[in-house]
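To start, the structure itself, in structure tokens.
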Amino acid sequence: MNTNLREVGVGHTCKVVRLHGEGAVKRRIMDMGITRGVEVYVRKVAPLGDPIEVTVRGYELSLRKADAEMIEVEL
């Protein structure tokens, strides 16, 4: 089942399937270590849904809601 990272609940781990977006935005997401096949654990979500705190490749990362929507994942 594929969805985007923003829809994944707190405490769940998912696997990145595809990155949507173009140019600099996509490159920035990839530079943060979010690439196809990597596992992402959703640690917490701020009260208004922005930002989302995840663990990827052993480190913690905060993502904006708009960026999280560009990351297609499978549960």
Side-chain angles (χ1 to χ4, degrees):
M1 176 177 115
N2 289 358
T3 185
N4 65 47
L5 186 57
R6 185 180 178 283
E7 304 296 322
V8 177
V10 174
H12 290 87
T13 301
C14 56
K15 188 175 183 180
V16 177
V17 175
R18 184 171 175 217
L19 296 176
H20 299 276
E22 295 295 321
V25 176
K26 186 174 181 179
R27 167 60 47 199
R28 186 170 47 82
I29 291 171
M30 291 175 72
D31 287 345
M32 288 188 272
I34 299 173
T35 55
R36 188 171 56 217
V38 74
E39 289 198 344
V40 178
Y41 173 73
V42 179
R43 296 198 47 193
K44 46 184 160 170
V45 178
L48 298 176
D50 204 9
I52 298 168
E53 191 173 302
V54 299
T55 300
V56 59
R57 297 182 190 261
Y59 67 93
E60 295 169 14
L61 179 66
S62 290
L63 290 171
R64 292 183 293 201
K65 195 165 33 174
D67 292 344
E69 288 175 348
M70 292 183 207
I71 303 168
E72 184 179 331
V73 297
E74 67 180 7
L75 299 173

Should [X] and [Y] be regarded as members of a common hydrophobic cluster, given that ILVMFWY residues are connected when their side-chain heavy atoms come within less than 4.5 Å of each other, either directly or indirectly?
X: M30; Y: I71; value: yes
X: V38; Y: Y41; value: no
X: V17; Y: V42; value: no
X: I52; Y: L75; value: yes

For the atom pair [atom1] ([X]) and [atom2] ([Y]), what is the distance rounded to the nearest 0.5 Å?
X: I34; Y: K26; atom1: CD1; atom2: NZ; answer: 13.5 Å
X: T3; Y: E69; atom1: OG1; atom2: CD; answer: 10.0 Å
X: L63; Y: D50; atom1: CG; atom2: CG; answer: 9.5 Å

*For E72, what residues pass the salt bridge (Lys or Arg N to Asp or Glu O under 4.0 Å) criterion, not counting sequence neighbours?*
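Listed in chain order: nothing, the list is empty.
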*asked:* Among residues at least two apart in sequence or on other chains, which ones pass salt bridge (Lys or Arg N to Asp or Glu O under 4.0 Å) with R57?
replied: none
*H20 atom NE2: more than 12 heavy-atom contacts under 6.0 Å*: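 Count over threshold, so yes.
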*Count the heavy atoms belonging to other residues, nucleotides or ligands that lie under 6.0 Å from CZ of R28, then report whether that count exceeds 12.*
yes
*Check T55 against E60 and note the closest heavy-atom contact, atom names and distance.*
OG1-CG, 4.1 Å
_Least distance between heavy atoms, G33 atom then V56 atom_ =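 Looking at all heavy atoms of both residues, the closest pair is O-CG2, 3.8 Å.
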*R36 and L19, any side-chain heavy atoms less than 4.5 Å apart*: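 Side chain of L19 against side chain of R36, heavy atoms only: no contact under 4.5 Å found.
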*Residues V8, V40; criterion side chain to side chain contact (heavy atoms under 4.5 Å, CB included); working and verdict*: CA-CA 10 Å; V8 177; V40 178; over 6 Å; no
*M70 backbone acceptor or donor facing D67 side chain under 3.5 Å*: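 Such a contact is absent between D67 side chain and M70 backbone.
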*Could you go through the side chain to side chain contact (heavy atoms under 4.5 Å, CB included) check for L5 and V16 one step at a time?*
CA-CA 8 Å; L5 186 57; V16 177; over 6 Å; no
